[in-house]
Amino acid sequence: MGFFIEKIPTELSPNRDGDFIKEGTGFSRVFVPTYNAVLGAIFLVLTAGYFYSLHFRKPHGEKQPLLGNSFKSPSKATVYYRRFRSMLLYQPKGRYAESYGTMLVIASYLGLNLLYLFVNNSTRHVTIFGDRLGLLAVVNMPILFLLGAKTGLLVQWTGWSHEGYNILHRHVGRVVCTAAVLHVFFYSLACPIEVMVHVTTIFVALLATIGFFLILISSIAPLRAKTYELFLLLHVYGVVAILPLLYFHFERVRPYVIASAVIFLWDRINRFRNSQHVIAHTTILSGNTVKLSMNVNSTTREIHWKTGQYVYVSIASLAKQQAHPFTIASPPNPNTLDLIIRARKGFSKSLFLSETAEHNVTFHGPYGSPPTFEGCDRVILLAGGAGISYAYPEAIELASSTGHYSAANPEVDFLWVVPSRDFSSWVDLKEDYNVDFKVWVTAEQGRPDIKKYVKDSIIAAGPGARVAVAVCGPAPLVRDSRNACSEMLWEGNNVAFYSENFGW
């Protein structure tokens with residue numbers, strides 16, 4: 001007799017306790033697939049809203065006139081709407097705390113999964129509950145792959161920031177991996193693992209569960225930060241191994257496995273189609289930072305980007321089969337695409353320490369749907385350290401007499417917070433750009449009161465002014481500026497907020 005058997009003996013089968021188990025699992029296999037219809041409907045609403053904002057919503061009009069007083073107090077409905085936005089925008093303190101709006105989305109997603117997990121008394125038997133967990137894992141997988149697609153399909157359709165969909169990707173991933181591991185755990189309570197391992201279709205599922213478990217453990221924030229390169233490898237190769245194993249596990253999961261595989265392949269094909277191979281040169285900057293300058297004149301097609309977009313960069317001589325995202329640090333131009341990269345661990349540290357200044361670089365992109373500031377009276381740009389990659393080109397674009405905003409350039413309030421004065425050499429802060437580049441050096445001036453700075457700038461814009469605040473930098477800078485905007489919204493000011501955090 002060989003190692004594998006065709007099926008579990010009847011006396012050890014997870015379904016041996018009665019027909020009600022088959023009825024319970026049968027209900028799950030009809031009910032749980034409606035989950036995708038619910039998420040699909042939500043996605044269509046978000047896409048329709050973004051499409052409307054792009055094509056039908058009119059700008060908020062011209063800037064406030066210099067003479068006369070055209071300010072009208074906002075209506076009660078507008079005040080209540082701004083207070084609602086204020087509550088969603090506020091971010092409490094805490095290392096892993098997000099804004100209340102983001103936490104509401106995450107809680108709604110988790111609540112929907114809990115509803116689908118427990119409805120119809122799924123806990124009445126371990127087999128029914130284990131089956132429900134397994135189904136929840138697989139129905140979430142296509143969503144997980146969409147959120148993980150580096151070519152940014154959801155960004156293009158919904159206008160989400162890279163930060164936003166990356167946060168949701170992590171939570172969906174935790175649901176998938178946790179549900180998959182618990183699926184095996186509860187089935188093992190009904191039938192011993194040492195018996196299930198001899199059934200081929202279950203054996204492949206156990207191998208897939210090991211992959212899910214490794215990905216789940218490696219994604220824990222402190223461990224991910226310390227071993228980011230390993231985390232990336234486990235994600236890529238773990239996914240490649242898990243999909244075929246699940247395909248042969250159970251016939252009903254195959255549509256979800258195929259959908260996930262199609263999304264994965266679509267993303268890889270798009271990456272290949274969008275990839276460009278160029279010669280890039282590095283310039284060592286202060287603060288363990290390097291600037292990577294790529295000559296886009298040498299690409300096979302013209303590269304056009306908007307301020308605030310990002311590209312994925314690979315340098316095979318430093319880190320094989322790895323692509324890392326970086327915000328484009330140069331204004332749109334036909335010649336050079338610059339990236340400012342802080343040396344941390346792995347790829348970025350290898351690039352900084354490299355003895356050669358010339359590299360063969362593969363990049364794909366640009367991606368992202370950065371905000372537009374049309375109709376704004378003032379735009380407040382805040383950057384911390386390498387966050388200048390976003391703020392600097394945006395400031396130049398906003399003030400340009402020939403750029404996107406040339407018909408009505410908003411007033412630009414620019415602040416860059418750096419630890420030492422020599423950081424200011426990273427970019428060209430010349431006066432020709434018509435921007436007052438304010439640099440705050442913490443070694444000389446201490447830490448700035450970002451909340452006060454933002455609130456004072458909003459007030460200085462004048463009553464009724466439409467103000468946008470865009471920030472890129474470390475978490476404390478983002479939180480303080482976000483909460484300043486939240487407080488000003490509560491008071492009835494017309495404020496919009498956009499952010500990109502450092503991190504993964």
**Message:** Please check: side-chain N/O of Arg82 versus main-chain N/O of Leu489, any donor-acceptor pairing under 3.5 Å?
**Reply:** no
**Request:** Run the numbers on Leu112 and Leu114 for side-chain contact (heavy atoms from CB on, under 4.5 Å), then give the verdict.
**Result:** CA-CA 5 Å; Leu112 181 64; Leu114 289 173; over 6 Å; no
**Prompt:** Does atom NZ of Lys438 have more than 12 heavy-atom neighbours, drawn from other residues, nucleotides or ligands, at distances under 6.0 Å?
**Reply:** yes
**Asked** Could you state the interatomic distance from CD1 (Ile303) to CZ (Phe363), rounded to the nearest 0.5 Å?
**Response** 4.5 Å
**Item:** Donor-acceptor contact present, side-chain Ser486 to main-chain Ser86, <3.5 Å
**Value:** yes
**Asked** Under 4.5 Å between any side-chain heavy atoms of Phe352 and Ile341, yes or no?
**Response** no
**Asked** Can you check whether Glu487 reaches Lys455 side chain to side chain, under 4.5 Å on heavy atoms?
**Response** yes
**Prompt:** Nearest 0.5 Å, what's the CD1-CG distance between Ile284 and Leu353?
**Reply:** 8.0 Å
**Request:** Decide yes or no for Val311 and Leu339: does some side-chain heavy atom of the first lie under 4.5 Å from some side-chain heavy atom of the second?
**Result:** yes
**Asked** Of Ile450, Leu477, Val471, Val454, which is the lone residue that meets side-chain contact (heavy atoms from CB on, under 4.5 Å) with Leu415?
**Response** Ile450
**Prompt:** Distance from Asp436 atom CG to Leu429 atom CG, nearest 0.5 Å?
**Reply:** 10.5 Å
**Prompt:** Atom CG of Asp338 and atom NZ of Lys291: how far apart are they, to the nearest 0.5 Å?
**Reply:** 5.0 Å
**Request:** Might you point out which heavy atoms bring Ser218 and Phe231 nearest each other, and give the distance in Å?
**Result:** O-CD1, 3.5 Å
**Request:** Take Ile388 and Ile340 through the test side-chain contact (heavy atoms from CB on, under 4.5 Å) and record every step on the way to the result.
**Result:** CA-CA 8 Å; Ile388 193 66; Ile340 294 177; 3.9 Å; yes
**Message:** Please check this pair: side chain of Asp480 against backbone of Asn483, looking for a donor-acceptor N/O pair closer than 3.5 Å.
**Reply:** no
**Asked** Is the shortest heavy-atom distance from the side chain of His169 to the side chain of Leu144 under 4.5 Å?
**Response** yes
**Message:** Quick check: closest heavy atoms across Pro366 and His304, and the distance to 0.1 Å?
**Reply:** CG-O, 3.2 Å
**Request:** Please tell me if the side chains of Phe497 and Leu89 come closer than 4.5 Å, counting only heavy atoms from C-beta onward.
**Result:** yes
**Message:** Between Lys306 and Glu397 (salt bridge meaning N to carboxylate O under 4.0 Å), is one present in this structure?
**Reply:** no
**Prompt:** Once you round to the nearest 0.5 Å, how far does CE of Met294 lie from OG of Ser330?
**Reply:** 8.0 Å
**Message:** If we ignore hydrogens and angles and just use 3.5 Å, is the side chain of Ser99 paired with the main-chain N or O of Tyr90 as donor and acceptor?
**Reply:** no
**Asked** Looking at CZ of Arg479 and NZ of Lys451, how far apart are the two atoms once the value is rounded to the nearest 0.5 Å?
**Response** 9.5 Å
**Complete:** Scanning both residues in full, the closest heavy-atom pair of Arg344 with Ser348 reads N-OG, 2.9 Å
**Beyond-backbone contact of Ile380 with Val467, side-chain heavy atoms, under 4.5 angstrom** = yes
**Prompt:** Under 3.5 Å, side chain of Thr47 to main-chain N/O of Phe43, donor-acceptor pair present?
**Reply:** yes
**Asked** If we ignore angles and hydrogens, is there a donor and acceptor under 3.5 Å between the side chains of Asn140 and Tyr109?
**Response** yes
**Item:** Gln91 side chain to Arg482 side chain, donor-acceptor N/O pair below 3.5 angstrom
**Value:** yes
**Item:** Sidechain-backbone polar pair: Trp416 side chain, Gly385 backbone, donor-acceptor under 3.5 Å
**Value:** yes
**Message:** Looking only at side-chain N and O atoms, does Tyr116 offer a donor or acceptor that is under 3.5 Å from a partner on Thr34?
**Reply:** yes
**Atom CZ of Phe264 with >12 non-hydrogen neighbours under 6.0 angstrom** = yes
**Message:** Tell me the closest heavy-atom pair linking Leu216 and Cys177, and the distance in Å.
**Reply:** CB-CB, 3.8 Å
**Request:** Report yes or no: do Arg342 and Thr289 form a side-chain donor-acceptor pair below 3.5 Å?
**Result:** yes
**Message:** With heavy-atom distances below 4.5 Å as the criterion, would you say the side chains of Leu398 and Asn409 are in contact?
**Reply:** no
**Prompt:** Are Leu292 and Val313 side-chain neighbours, meaning at least one heavy-atom pair lies under 4.5 Å?
**Reply:** yes
**Item:** Mutual orientation of the aromatic rings belonging to Tyr312 and Tyr310 [parallel < 30°, tilted 30-60°, perpendicular > 60°]
**Value:** perpendicular
**Prompt:** Is it the case that Trp426 and Ser286 place a side-chain donor and acceptor less than 3.5 Å from each other?
**Reply:** yes
**Asked** Between the main-chain N or O of Ala465 and the side-chain N or O of Asn494, is there a donor-acceptor pair closer than 3.5 Å?
**Response** no
**Pair Asp428, Tyr392: side-chain N/O donor-acceptor within cut-off below 3.5 Å** = no
**Asked** Where do Val138 and Tyr256 come nearest, in terms of heavy atoms and distance?
**Response** O-CB, 3.5 Å
**Backbone of Asn335 reached by a side-chain donor or acceptor of Asn333 within 3.5 Å** = yes
**Message:** Does Lys349, at its NZ atom, have more than 12 non-hydrogen atoms belonging to other residues, nucleotides or ligands within less than 6.0 Å?
**Reply:** no
**Message:** Please find the pair of heavy atoms, one from Ala391 and one from Leu381, that lie closest to each other, and give the distance.
**Reply:** O-CD1, 3.6 Å
**Message:** If you count heavy atoms of other groups shown closer than 6.0 angstrom to CD of Glu444, is the number above 12?
**Reply:** yes
**Request:** Return yes if some donor-acceptor pair links the side-chain N/O of Asp413 with the main-chain N/O of Ser457 below 3.5 Å, else return no.
**Result:** no
**Asked** Should the ring pair His324 and Phe347 be called parallel, tilted or perpendicular, given that the plane angle runs from 0 to 90° and is split at 30 and 60?
**Response** parallel
**Prompt:** Can you list the steps and then say if Ile315 with Leu351 is a side-chain contact (heavy atoms from CB on, under 4.5 Å)?
**Reply:** CA-CA 9 Å; Ile315 302 179; Leu351 179 63; 3.9 Å; yes
**Backbone of Arg271 reached by a side-chain donor or acceptor of Ser275 within 3.5 Å** = yes
**Item:** Derivation and outcome, side-chain contact (heavy atoms from CB on, under 4.5 Å), residues Leu104 and Leu88
**Value:** CA-CA 8 Å; Leu104 178 62; Leu88 295 181; 4.0 Å; yes
**Prompt:** Does a side chain donor of either Lys76 or Tyr81 reach within less than 3.5 Å of an acceptor in the other side chain?
**Reply:** no
